[in-house]
Amino acid sequence: MPELPEIETIKRGIVNNVGSKIKSIEVNRLDIIKRQEFELDLLYNETITGVGRRGKYLLLTLGEYFLIFHLGMSGRFYILDADSEDNTPHIHVIIYLDNGNKLIYQDTRRFGGVFLVRDLVKFFAKMGVEPLTDDFTADYLYNITRGRKIPIKSLLLDQRIIAGIGNIYADESLFLAKIRPDKKAGLLTLTEAAALSVAVKEVLTRSIEERGTTFRDFRDGYNKTGNYQKMLKVYGRTNESCLDCGTSLTRRVIGGRASHFCPDCQK
DNA sequence: CTGGATTCCTGCTTGC
DNA sequence: TGCAAGCAGGAATCCA
């Protein structure tokens, strides 16, 4: 499940293609384009002026145009030599560059999509704060949780509030902050909100350092796995021992999502 | 407005 | 052994 650290890892892996021009774009499935504010042909011969990330979205900037990718839960985005053969199933978009590379967008389950955007501000208008910026503070988290009855985990996953956290990092952050995922958001104290905001930053930062988590599907820009799965303390460790206290870890569906936590450490 | 359920999709895992 | 059912989940959408 590509979340913020995985998209950031991909972004860093493809940044060396900035400055090259798009020769052509091959779209194998039209319905993978979820939004189209301009014709794809307009990008031919345009230069990639930047690569970026907002939440879980990967951005290619081409002057005034933006080519945006969301990887859903099984999507991949990687670089190959333009003339190399790639028979991977479910390749939906191939971007041929004038530097001899091609960029591949592949997504088995097609929960992701491609967005051809001109009005970037409007496109991201409803997106929440970036958790690794100074906008994401204890006060912000505390204030936004007031009066909310949903589980704190559901709130962490709400992209309109915080951008980029998915199921894995929500569970890991809550464990680090010693807060149960099913605790009502409105019941968090300021101290807990502070611990959680710090924990989110810590977990995401460490994962980026480890080039993301490969639970099953994730690959970086060079189709290599990440390493953070080795550091996971609760996610996917149902019935294994808590690394802090030894108690058997619990798995429970919260807000429709499989959730993992320590029933002793997390209050 | 809030919160919960539903839907999309494919492939791996589970159980009979 | 083989096959069908179960499960996974980001985010839009719908409904109460």
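Letters A, B, ... are given to chains in the order of the sequence lines, protein chains preceding strands, and every chain is numbered from 1.
- In terms of hydrophobic clustering, with Ile, Leu, Val, Met, Phe, Trp and Tyr side chains grouped at heavy-atom distances under 4.5 Å, A/Ile161 and A/Leu188 are assigned to a common cluster.
- Summarising the geometry, the separation between CE on A/Met73 and C1' on B/dT10 is reported as 10 Å, rounded to the nearest angstrom.
- For DNA chain C, the neighbouring residues in residues 106-117 of chain A, judged by any heavy atom under 4.0 Å, are A/Arg109, A/Phe111.
- Looking at A/Arg237, its side chain does come within 3.5 Å of a backbone N or O of A/Ser241 through a donor-acceptor pair.
- Using a cutoff of 4.0 Å between basic side-chain nitrogens and carboxylate oxygens, A/Arg76 and A/Asp107 are not scored as salt-bridged.
- Between the CD1 atom of A/Ile168 and the C1' atom of C/dG10 there is a distance of 13 Å, rounded to whole Å.
- Protein atom CZ of A/Arg54 is 12 Å distant from nucleotide atom P of C/dA11, rounded to whole Å.
- Phosphate contact (OP1/OP2 of C/dG10, side-chain N/O of A/His70, threshold under 4.0 Å): absent.
- One interatomic measurement links the two molecules: CD1 of A/Ile254 to C1' of C/dG10, which rounds to 18 Å at whole-angstrom precision.
- The distance between atom CD of A/Gln159 and atom P of C/dG9, rounded to the nearest whole Å, is 15 Å.
- Applying the 4.0 Å criterion to OP1 and OP2 of C/dG10, one finds that A/Tyr169 has every side-chain N and O outside that range.
- Within the structure, every side-chain polar atom (N or O) of A/Lys34 is placed at least 4.0 Å from both OP1 and OP2 of C/dA11.
- As a whole-Å value, the separation of A/His92 NE2 from B/dC8 C1' is 13 Å.
- If you take CZ of A/Arg257 and C1' of C/dG10, they are 6 Å apart, rounded to a whole angstrom.
- A/Tyr222 and A/Ile104 fall into different hydrophobic clusters, defined by Ile, Leu, Val, Met, Phe, Trp and Tyr side-chain heavy atoms under 4.5 Å apart, directly or through other members.
- Ranking C/dA11, B/dT10, C/dG9 by closeness to the A/His90 side chain, first place goes to B/dT10.
- Counting only N and O atoms by type, the side chains of A/Ser207 and A/Tyr169 include a donor and acceptor under 3.5 Å apart.
- Cluster annotation: A/Phe66 is connected to A/Phe124 through the hydrophobic network of ILVMFWY side chains, with a link wherever side-chain heavy atoms come within less than 4.5 Å.
- Taking the six-membered ring for Trp, A/Phe38 and A/Tyr65 have ring centres closer than 6.0 Å.
- Of the charged side-chain nitrogens involved, at least one lies within less than 4.0 Å of a carboxylate oxygen, so that A/Arg211 and A/Asp220 count as a salt-bridged pair.
- A/Asn167 places its CG atom 12 Å from the P atom of C/dA11, with the value rounded to the nearest Å.
- Near DNA chain C, defined here as any heavy-atom distance below 4.0 Å, there are no residues from residues 142-158 of chain A.
- Linking ILVMFWY side-chain heavy atoms closer than 4.5 Å, directly or via other members, places A/Leu59 and A/Phe123 in a single hydrophobic cluster.
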